[in-house]
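Let me begin by presenting the structure, written as structure tokens, before commenting on it.
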2 protein chains.
Amino acid sequence: MGRKAGITLESVVEAATAIADRDGLDAATLTAVADELGIKTPSLYNHLEGLSGLRRLLAIHGSQLLLKTFEEAIGDLEGTEALRSIAQADRQFAREHRGLYDSFLPAPKPDEDTELYEAMAEPVFLVAHVLLDMGIPQSEAIHLIRALRALLHGFLDLEAREGFGMPVGIDASFDVAVELIIGGIEAAAASSR
Amino acid sequence: MGRKAGITLESVVEAATAIADRDGLDAATLTAVADELGIKTPSLYNHLEGLSGLRRLLAIHGSQLLLKTFEEAIGDLEGTEALRSIAQADRQFAREHRGLYDSFLPAPKPDEDTELYEAMAEPVFLVAHVLLDMGIPQSEAIHLIRALRALLHGFLDLEAREGFGMPVGIDASFDVAVELIIGGIEAAAASSR
DNA sequence: GATGTATGACTAATGGCATTAGTTACTCTA
DNA sequence: TAGAGTAACTAATGCCATTAGTCATACATC
């Protein structure tokens with residue numbers, strides 16, 4: 001056979017995303033993706049660089065989708081209202097796109113994969129802007145953003161793994177946790193005014 | 001050959017731990033562990049139930065080691081001092097025992113593996129006691145413990161993956177993040193008195 | 001001390017997955 | 001319309017986990 005199935009990079013990513021979000025990132029094997037697309041596994045190598053290439057594409061795609069999600073979550077909001085909205089949006093993203101969420105956990109070094117690194121940095125920049133707009137100096141903002149990222153990531157990761165035990169009151173726990181960090185951010189903003 | 005190499009469950013866990021902490025959890029394959037012990041891979045099945053069994057043993061071992069680490073970190077300390085010490089100990093544990101730390105991330109359901117579940121719950125109970133001893137009612141403590149766990153796990157996971165970008169000032173970021181949560185815990189304790 | 005059973009090692013074989021090499025057919029351009 | 005590139009393919013390799021079946025040795029029992 002010559003060329004036949006109209007496989008595009010987009011269709012590969014789409015198929016892989018569907019599998020990863022449904023059955024987990026590890027289920028998005030080259031074999032599974034190829035099956036889904038109706039081609040043989042080696043044919044995928046015409047489009048990407050093996051499994052690591054697929055993971056990379058998922059990470060870029062996921063980062064872009066997360067960025068869009070954050071942008072919509074912020075909308076016209078500012079300050080703590082924007083942060084609250086981002087937190088909720090992040091949680092919803094992690095629930096709806098488990099595979100994509102997991103795909104951008106292994107962070108690349110800035111110099112070894114610039115495109116991926118920048119894609120993953122975009123959502124962080126967006127949040128950073130919110131803090132800077134609140135008047136928090138960069139030297140403080142960097143710590144607070146890391147705290148917020150850590151809390152969100154840790155919560156969503158534990159939640160996905162059912163690491164909290166009884167799922168009772170998890171929504172409330174999330175709100176409490178987010179408010180703790182936002183409280184700290186608010187305090188930093190207040191003392192910078 | 002009949003029986004020869006004096007393989008015990010302890011020596012298997014020890015070998016697997018060494019590999020996992022050095023090269024990552026994924027590197028602790030049955031093949032690698034068997035090689036390390038000087039036996040063939042299938043022989044391991046006389047001691048444990050395949051790869052999932054090995055992971056389980058690592059998770060139990062890791063949880064017990066973490067518990068001991070927390071106990072030593074607390075020592076005679078109470079309240080926020082104890083929490084600060086636990087946070088630092090947790091971070092050090094994650095750095096020294098990357099493989100073990102990752103091994104107890106996939107949480108089992110309480111009823112499907114009671115032994116593992118309880119081993120993993122012990123360190124959480126220990127922290128819970130600190131909060132309860134501070135006079136925080138259980139209904140509030142549950143949220144605060146989840147927040148603390150989420151923050152610590154998220155931070156250590158992101159740090160291990162170099163997800164924070166530039167490693168500049170990470171120690172300070174960790175302290176800021178921990179203090180934010182501890183501040184919230186302190187406030188809850190104060191309002192309960 | 002002989003015997004017999006359970007243990008803990010082994011070899012052999014299977015299957016899933018990623019990967020590489022080499023092949024072929026189709027499509028599009030010159 | 002001929003040639004070049006593309007995108008599929010088959011075939012083969014290697015790593016890993018896993019299962020089945022074998023066999024020697026250690027230990028307990030008589």
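Owing to the predicted nature of the structure, the values given are computational and were not obtained by experimental measurement. Here is the naming used below: chain letters follow the sequence lines, and residue numbers restart at 1 for every chain.
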Atom-to-atom span, [atom1] of [X] to [atom2] of [N] - whole angstrom:
{"X": "A:Lys40", "N": "C:dA25", "atom1": "NZ", "atom2": "C1'", "result": "17 Å"}
{"X": "B:Leu30", "N": "C:dG15", "atom1": "CG", "atom2": "P", "result": "20 Å"}
{"X": "A:Leu51", "N": "C:dT20", "atom1": "CG", "atom2": "C1'", "result": "15 Å"}
{"X": "A:Asn46", "N": "D:dG5", "atom1": "CG", "atom2": "P", "result": "15 Å"}
{"X": "B:Ile39", "N": "D:dC23", "atom1": "CD1", "atom2": "P", "result": "20 Å"}
{"X": "B:Asp35", "N": "D:dC15", "atom1": "CG", "atom2": "C1'", "result": "12 Å"}

Against the side chain of A:Thr29, the closest entry in D:dC16, C:dC17, D:dA8 is C:dC17

Which nucleotide, D:dT10, D:dT18, C:dA18, lies nearest any side-chain atom of A:Pro42?
D:dT10

Are OP1 or OP2 of [N] and a side-chain N or O of [X] less than 4.0 angstrom apart?
{"X": "B:Tyr45", "N": "D:dT19", "result": "no"}
{"X": "B:Thr31", "N": "D:dA17", "result": "yes"}
{"X": "B:Ser43", "N": "C:dG8", "result": "no"}
{"X": "B:His47", "N": "C:dT7", "result": "no"}

Indicate yes or no: does A:Lys109 engage A:Asp113 in a salt bridge with an N to O separation below 4.0 Å.
no

When you compare the side chains of B:Gln92 and B:Gln88, does any donor N or O come within less than 3.5 Å of an acceptor on the partner?
no

Rounded distance (nearest 0.5 Å) linking atom OG of B:Ser43 with atom CD1 of B:Ile7
8.5 Å

Between A:His97 and A:Phe93, is the ring centroid distance below 6.0 Å?
yes

